[in-house]
Amino acid sequence: MAQLAVSGLTNREIAATLHLSPRTVEQHIARAMRKTGALSRRDLAHRLGGTP
């Protein structure tokens, strides 16, 4: 899910793709950011080895 977020998709787009609620996606992205120490989606991409 974090990979979808760093690819530029919004929470709603990710939710529609994975058949989840936007709130569930928001919580998962927030958890990934906490675990990696990321301050933004861009920072999350950098920490996951994607393009900054």
Side-chain angles (χ1 to χ4, degrees):
M1 190 175 309
Q3 291 296 335
L4 293 173
V6 299
S7 72
L9 295 177
T10 65
N11 287 351
R12 281 188 183 199
E13 292 168 334
I14 296 168
T17 301
L18 300 178
H19 305 287
L20 300 169
S21 76
R23 179 71 176 143
T24 299
V25 173
E26 181 182 329
Q27 290 173 340
H28 281 286
I29 299 302
R31 188 173 300 117
M33 290 176 68
R34 276 194 308 274
K35 284 184 175 184
T36 61
L39 301 174
S40 65
R41 284 183 182 225
R42 175 175 250 165
D43 189 24
L44 181 62
H46 177 71
R47 291 169 190 262
L48 293 177
T51 54

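- Closest heavy-atom contact between A38 and R47: CA-NE, 3.5 Å.
- Shortest non-hydrogen contact noted between D43 and G37 is OD2-O, 3.9 Å.
- Taking CG of L48 as the start and NE2 of H46 as the end, the distance is 10.5 Å to the nearest 0.5 Å.
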Let me check something: any side-chain donor-acceptor pairs from residues 14-21 under 3.5 Å, sequence neighbours excluded? List them with distances.
unit_1	atom_1	unit_2	atom_2	d
T17	OG1	E13	O	2.8
S21	OG	T24	N	3.1
S21	OG	T24	OG1	2.9

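- Scored by the salt bridge (charged side-chain N to carboxylate O under 4.0 Å, His left out) test, R23 finds E26 as partners (sequence neighbours excluded).
- Rounded to the nearest 0.5 Å, atoms CD (Q3) and CG (L44) are 8.0 Å apart.
- Although no hydrogens or angles enter the test, the distance criterion places a donor-acceptor pair under 3.5 Å between the side chain of R41 and the main chain of L9.
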